[in-house]
Amino acid sequence: MHKPNGDGSRHGHVTQPTAPSGPRHKLTPAQAYDMAVAYMQQGRLGEAEGLLRALLLMVLYSVRSERQLMEQLDYNLLFRWFVGLEMDDPVWDVTVFSKNRERLIAGAVSQQLLNAVLVEAREQQLLSEEHFTVDGTLIQAWAAARSFKDKSDPPQPGSGSGYKGEVLLRDRVESKTDPEARLYKKAAADKAVPSYQGHALIENRNGLVVAAEASLAATVAERAMALKLLDRVIRPRNEHPDKKITLGADTQYQEAAFIQALRDREIAPHVSEYGEGHNLGKNSLNQEERQDPERVTSQRKRKLIERVFGWSKLDRPLRQVKLRGLSRVDWFYRLTIAAYNLVRMRRLIPIQGMAA
């Protein structure tokens, strides 16, 4: 334990609710402009960049909390260099850091960072514009199952959110800690936990995520979000009339309406089919789609998306996100996905020799 100096600092570092000063390692011009807009004229550009870099450290190094992040910034010289702090610069006060993070959330800066990373990946010719894979994962909410209580005004029978108005559990109970979290499980044998869902669309060349978004937990959310992400990424057909676009997915996406929606968009549905059991009737591919020789490749490439979720949840903050509300969870999810792309691209882009 370090003994404080006479002014209450450790090693001459005074923790003050001020923004860090000193040299900044600038990001791309487009990203810097977007940060300035996101700050809505309320903060300095250097502040926004430093905050974003600090939050990236939190994801990359599995820092459990913002308080622990500030403690590490106080003595870790590599962290200070990355954020842009000199050795004797003060770090943020934890409360001020959290408040400034809310301004980044309001400005959707994590999506702007993801866009900037994808621009770099496209310039390096790392992205495929034709072959994609989609999947979803559960994000455990910052709430306990015991926080769910019966709603005071549940819907009447026949007016619920389930099939044909069925009243589901989410219609009857609500968390007092995080009202937008839902008790949900992806498999029948699993235990339902307060959750959100994260969705990702990757390209199949290098497994980079080209679109990501979090949603409320629901059975239909994966298919609805898949179409939303595709519409965000796929260019108009008249721009590439000779290219065949494919989408790989697991059996959760084997639904007639979803398959038809892909056909309407002229996207080849390379979706896994049920091989046995009572779900055989859900298989909706026609014979031509089943015999598509590229479907085998898409199913093999589909495993790349599991690396994204494995990296994001193995020992990192996305395993159980410490934010409440869909907007905050979505923001942090996109930041984590952007961090994954950066780590992945580090292995794909050749490093130029320092002594060139």
Side-chain angles (χ1 to χ4, degrees), residues 51-73 92-111 113-114 135-152 161 168-187 190-200 209 212-219 221-222 225 308-340:
L51 285 167
L52 187 58
R53 285 173 175 267
L55 288 166
L56 276 174
L57 287 174
M58 195 171 181
V59 175
L60 292 171
Y61 289 91
S62 306
V63 181
R64 294 192 304 271
S65 67
E66 293 168 351
R67 185 173 299 278
Q68 186 184 70
L69 177 63
M70 295 304 105
E71 291 177 357
Q72 294 200 28
L73 279 173
W92 290 277
D93 176 79
V94 178
T95 304
V96 174
F97 185 87
S98 299
K99 290 181 178 178
N100 287 337
R101 182 203 62 204
E102 292 299 314
R103 288 154 65 182
L104 295 182
I105 293 176
V109 170
S110 62
Q111 179 60 45
L113 174 62
L114 180 57
D135 204 356
T137 187
L138 280 186
I139 303 173
Q140 189 171 348
W142 194 241
R146 63 177 178 271
S147 70
F148 282 78
K149 307 297 181 183
D150 292 337
K151 290 184 178 180
S152 58
S161 60
L168 303 178
L169 179 63
R170 63 171 176 259
D171 299 322
R172 294 184 281 106
V173 298
E174 181 181 67
S175 172
K176 301 302 181 182
T177 305
D178 185 355
E180 291 186 286
R182 292 175 174 177
L183 289 172
Y184 187 79
K185 57 182 179 180
K186 292 196 71 173
D190 293 341
K191 178 183 177 181
V193 294
S195 304
Y196 293 92
Q197 277 184 290
H199 311 272
V209 182
E213 189 170 339
S215 72
L216 300 178
T219 305
E222 286 188 317
M225 289 301 304
V308 180
F309 300 140
W311 182 91
S312 301
K313 298 173 65 175
L314 180 62
D315 60 352
R316 288 178 172 80
L318 200 63
R319 185 180 185 92
Q320 184 177 21
V321 63
K322 295 183 178 180
L323 295 170
R324 295 190 177 108
L326 177 59
S327 61
R328 292 182 177 88
V329 172
D330 177 46
W331 186 88
F332 190 76
Y333 175 68
R334 298 188 201 213
L335 178 67
T336 304
I337 293 300
Y340 170 82

Query raised in the report: Do you know which two heavy atoms are closest between A200 and V209, and how far apart they sit?
Result: CB-CG1, 4.1 Å
Requested in this report: Look at the side chain of R334 and the backbone N and O of S110, then say whether any donor-acceptor pair between them is shorter than 3.5 Å.
Outcome: no
Report summary line: Nearest heavy-atom approach of Y196 to A181 is OH-N, 3.5 Å
Query raised in the report: To the nearest 0.5 Å, how far apart are CG in D178 and CG in L323?
Result: 10.0 Å
**Report entry** Pairwise side-chain contact, L326 with L216, heavy-atom cut-off 4.5 Å (strictly under)
**Finding:** yes
Requested in this report: May I ask you to test the V321-Y333 pair for a side-chain heavy-atom distance under 4.5 Å?
Outcome: no
Requested in this report: Calculate, to the nearest 0.5 Å, the distance between atoms CZ and CE belonging to F332 and M58 respectively.
Outcome: 6.0 Å
Query - Atom pair OG/CD of S65 and E71 - distance to nearest 0.5 Å - result: 7.0 Å
Requested in this report: Could you walk me through whether L114 and Y340 pass side-chain contact (heavy atoms from CB on, under 4.5 Å), step by step?
Outcome: CA-CA 10 Å; L114 180 57; Y340 170 82; over 6 Å; no
Query raised in the report: Looking only at atom types and distance, does a side-chain atom of R101 sit under 3.5 Å from a main-chain N or O of L51, one as donor and one as acceptor?
Result: no
Query raised in the report: Where do F309 and L318 land on the side-chain contact (heavy atoms from CB on, under 4.5 Å) test, with the steps shown first?
Result: CA-CA 9 Å; F309 300 140; L318 200 63; over 6 Å; no
Report summary line: For A144 and P194, the nearest pair of non-hydrogen atoms, with its separation, is C-CG, 3.8 Å
Report task. Mind checking the CG-CD1 spacing from N100 to I105? Nearest 0.5 Å is all I need. Result -> 11.5 Å
Requested in this report: Looking only at non-hydrogen atoms, find the nearest pair between T336 and W311 and report the distance.
Outcome: O-CZ3, 3.7 Å
Query raised in the report: Any sub-3.5 Å donor-acceptor pair from Q197's side-chain atoms to A218's backbone N or O?
Result: yes
Report task. Under the side-chain contact (heavy atoms from CB on, under 4.5 Å) rule, what do L69 and V94 come out as? Steps first, then yes or no, please. Result -> CA-CA 9 Å; L69 177 63; V94 178; over 6 Å; no
Report summary line: Smallest heavy-atom separation, L73 atom then W92 atom, equals CD1-CZ3, 4.0 Å
Query - Worked check of side-chain contact (heavy atoms from CB on, under 4.5 Å) between K99 and R103 - result: CA-CA 7 Å; K99 290 181 178 178; R103 288 154 65 182; over 6 Å; no
Query raised in the report: For E66, does its backbone N or O pair with a side-chain atom of K322 as donor and acceptor, under 3.5 Å?
Result: no
Report summary line: Separation between CD (Q111) and CG (L335), nearest 0.5 Å, reads 11.5 Å
Query - Crowding at NZ, K151 (>12 non-hydrogen neighbours, <6.0 Å) - result: yes
Query raised in the report: So, does D330 use its side chain to make a donor-acceptor pair with the main chain of E213 at under 3.5 Å?
Result: no
**Report entry** Donor-acceptor under 3.5 Å (T177 side chain, S175 main chain)
**Finding:** no
Report summary line: Between the CD atom in E180 and the CD atom in E174, the distance rounded to the nearest 0.5 Å is 9.5 Å
**Report entry** For T137, the option from E222, H199, K313 that meets side-chain hydrogen bond (donor to acceptor under 3.5 Å, both in side chains)
**Finding:** K313
**Report entry** Side-chain (W331) to main-chain (L104) donor-acceptor, under 3.5 angstrom
**Finding:** yes
Query raised in the report: Counting only N and O atoms by type, is there a donor-acceptor contact under 3.5 Å from the side chain of Q320 to the main-chain atoms of A141?
Result: yes
Query raised in the report: Do S195 and L183 have side-chain heavy atoms sitting under 4.5 Å apart?
Result: no
